[in-house]
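Keep in mind that the numbers below use all heavy atoms, side chains included, and drop hydrogens, waters and symmetry copies.
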Amino acid sequence: MGYIILSVLVLAFDMLTKRLAVFFLEGGESIPILQGILHFTYVENTGVAFGILQDRRIIFITVSLAVLAVLGLYFYKTKRRDRFLKFGTALVFSGAVGNLIERVFNGYVVDFIDFRLINFPVFNVADIAVCVGAVLLLIHFLFDTNGEEEKSADHRTTARSEDDAGAKKKA
């Protein structure tokens, strides 16, 4: 249940911060939070991460919907759900939905977090959620040994049942 609340809160925070960025920054101003390190700068991004593949809106919407469907289906079909899967899915889902809403209604995504210390591209809260969620999902997929143990146990149980059925036929 906590992952659903997290997803809703992240989506709401993403939408709120984007609206605030439009209201306060749309004129092209950059507001330094920590001079030379972190600024708030308004950018309308028609591409994907880091502004690549500009103006491919239909492709991005289609891919986003496909990713959301696959992620939702995987989450629904998986019986064992560890924290990394739950919270990773919630973060990726909420971030993808946040940017998808922007893309559908505006044709672009509002980015405003300008981390200048390493000259990083401008991004938003949804981008952070997707990246953190992707790392959590990667951890789940790389280190989920319980899922393999469950599959192995299911296979042993099935094999034992088949052996028992064969033994009863012979008797």
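Contact between Ala126 and Gly95 at its shortest, heavy atoms only, is CB-O, 3.3 Å. Heavy-atom minimum distance, Ser30 versus Arg116: OG-NH2, 3.0 Å. For Ala96 against Val130, the heavy-atom pair with the smallest separation is N-CG2, 3.7 Å. Contact detail for Gly98 and Lys18: the closest heavy-atom pair is O-NZ, 3.3 Å. The two residues Ala129 and Ser94 have their closest heavy-atom pair at CB-OG, 4.4 Å. Here the closest non-hydrogen pair linking Asp114 and Phe120 is OD1-O, 4.2 Å.
Residues Asn99 and Asp14 have side chains that never bring a donor and an acceptor to within less than 3.5 angstrom of each other.
Remark: Thr17 OG1 to Phe40 CZ distance equals 8.5 Å, nearest 0.5 Å. How far CZ of Phe84 is from CG of Leu142: 11.0 Å, rounded to the nearest 0.5 Å. Phe141 contributes atom CZ, which lies 12.0 Å from atom CD1 of Ile139 (distance to the nearest 0.5 angstrom). The CG atom of Leu6 sits 11.0 Å away from atom CG of Leu11, with the distance rounded to the nearest 0.5 Å.
If you chain together hydrophobic residues whose side chains sit under 4.5 Å apart, Val70 and Val63 never meet in one group. Note on Phe143 and Val92: same hydrophobic cluster, where clusters join Ile, Leu, Val, Met, Phe, Trp and Tyr whose side-chain heavy atoms are under 4.5 Å apart, directly or indirectly.
Side-chain atoms of Leu137 and Leu71, non-hydrogen and from C-beta on, do get closer than 4.5 Å to each other. Side-chain contact between Val43 and Phe112 is absent, with no heavy atoms from C-beta onward closer than 4.5 Å. When side chains are defined from C-beta on, Leu117 does not count as touching Leu38, because their heavy atoms never get closer than 4.5 Å. In this structure, the side chains of Arg103 and Val109 come closer than 4.5 Å at one or more pairs of heavy atoms. Side-chain contact between Arg83 and His140 is absent, with no heavy-atom pair separated by less than 4.5 Å. The shortest side-chain heavy-atom distance between Met15 and Ile101 falls under the 4.5 Å cut-off. Residues Leu68 and Leu100 form a side-chain contact, since some pair of their non-hydrogen atoms from C-beta on lies under 4.5 Å apart. Contact check for Leu91 versus Leu136: side-chain heavy atoms found under the 4.5 Å cut-off.
In Phe123, the CZ atom is crowded: over 12 heavy atoms of neighbouring residues, nucleotides or ligands sit closer than 6.0 Å.
A salt bridge is defined here as a Lys NZ or Arg NE, NH1 or NH2 lying under 4.0 Å from an Asp or Glu carboxylate O, and Glu102 with Arg19 meets this definition.
Within the 3.5 Å criterion, the main-chain N or O of Ile4 finds no donor-acceptor partner in the side chain of Lys86.
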